[in-house]
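This report concerns only the one structure given below.
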Amino acid sequence: MRDPLSVLTDAFTGFLFGKVETTRLPVRTSTGQAQAVYLPTAAPGLGDSGVIIGREVYSGKGYIYDPFQLYGQQLPAPHWLVLGESGNGKSALEKTYVLRQLRFRDRQVVVLDAQGEDGVGEWNLIAEELGITPIRLDPTAALDMGIRLNPLDPAITTTGQLALLRTIIEVALGHGLDERSGFALKVAHAYVNETIVDRQPVLTDIVEQLRHPEPESAEAMNVDLDDVRAWGLDVALVLDRLVDGDLRGMFDGPTTVGIDLDAPLIVFDLSHIDRNSIAMPILMAIVGVWLEHTWIRPDRKKRIFLVEEAWHIINSPFVAQLFQRLLKFGRRLGLSFVAVVHHLSDVVDGAAAKEAAAILKMASTRTIYAQKADEARATGRVIGLPRWAVEIIPTLTPGIAVWDVNGNVQVVKHLITETERPLVFTDRAMTESSVDHRTDDAMRAAELEAEERAAAFVEQHLGDYDSSSTVA
């Protein structure tokens, strides 16, 4: 109960000034009017250093991304995972990203091009425009002066050669080498490197030594010579496939002279290899180790290693372990690994689930294009997307993706300039990214004006800066 003095004070105040307390009446309005009061907000961008990807959908701001500029406080690792079903724009994003990165003087890119049409990989047009000849690995052309990569190239360290030989064999066998087979391979490799000094050792030399081991090899372990020969039989049969089987000609000779590892763009064209055969992970292993020992150097260049159909890597335990080491090693030398995968379930439910999880953990940047609802939910659980992002993924239109850069999640529309368009939209790329060629005129007209302004902004920044600058 209120005291008499308070009641008297309120009565006097009300007499002089009128009633103090008022009742707010409800307001009826539309969302169109209320939006001026409750302004929309968008997450902050990633800064203004790097290459322009496009524009953030909700704020309309330009979206700029570069793993080398962000590495450190904003990005713990420079590696990038791109996910999404076919027909949503992954191919266009990859190509424009590489073209824009190459405007920097200290950038170098290697692409493993596993897709193609008309007898060439889909990166062939870009390579031609830049005056670069792709390294086309083709079993049918290898015997006719085609490209060869030698796993025993002296440019690869002795330890690297042996690791590569083990990986090739383990991928082909589907299981690890036992101690006896590993010993037979080690002594054969050591003997070949010691005795062949007037030329590059080749796989044929290893196979021959496995079939006919030297007595010294048996004496060193106090075993019978026939036992050493038996231990190396399975190894010899696997390597024989590279020498005289369906992969003949690509790896059984000295490395082709003239492969330019100093070119700004190096394209390995794997489009002639059956993507579902054991040959693909074997190729991935050979190319990965060969690049590790011949391409990645402490010369302060920033390197990008882009792999299409990357589930061939992550789905094989032995190849995944090799690339996991490459990622850890490459981070110290300025390497950004870009893996392009259609479905995350291709790898997280595969034979190399443990290795896949380790590689996915290293990818601090994840770009997710449209997926079906169940796939989006599974993806969200694995990589830790917020609920709103998971719900929006099935509704994304081609060219728009959810970007998660170390927890900074935004929806980004990828923009392509007129200069890039002829290089990006090959026949296959038009299927991969139909955002700029839709027949829905009403939808297109609604976005046309904003896209033209943003594309002009991108075009200006791509053409007006010096290539030594830090902003593309």
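Positions are given from 1 along the sequence.
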If you draw a 6.0 Å radius around CD in Glu391, do more than 12 non-hydrogen atoms from other residues or ligands fall strictly inside? yes
Residues forming a side chain to side chain contact (heavy atoms under 4.5 Å, CB included) with Tyr71, sequence neighbours excluded: Pro78, Arg331
Aromatic ring pairing His79/Phe337, orientation class (parallel under 30°, perpendicular over 60°, tilted between): perpendicular
Do NZ/NE/NH1/NH2 and the carboxylate oxygens of Asp153 and Arg148 come within less than 4.0 Å? no
By side chain to side chain contact (heavy atoms under 4.5 Å, CB included), which residues pair with Thr133, not counting sequence neighbours? none
Taking atom NZ of Lys301 as the centre, report whether more than 12 heavy atoms of other residues, nucleotides or ligands fall under 6.0 Å from it. yes
Ignoring hydrogens and angles, tell me if any N or O in the side chain of Asp252 forms a donor-acceptor pair with the backbone of Val202 under 3.5 Å. no
Parallel, tilted or perpendicular: which fits the ring planes of Trp403 and Trp80, with parallel below 30° and perpendicular above 60°? tilted
Going by the salt bridge (charged side-chain N to carboxylate O under 4.0 Å, His left out) test, name the single residue among Arg107, Lys302, Arg103 that passes it with Asp66. Arg107
Does the side chain of His175 come under 3.5 Å of the side chain of Glu170 through a donor N or O and an acceptor N or O? no
Below 4.5 Å, heavy atoms only, C-beta onward: do Leu46 and Ile64 meet side chain to side chain? no
Under a 4.0 Å threshold between the charged nitrogen and the carboxylate oxygen, would Glu94 count as salt-bridged to Lys90? no
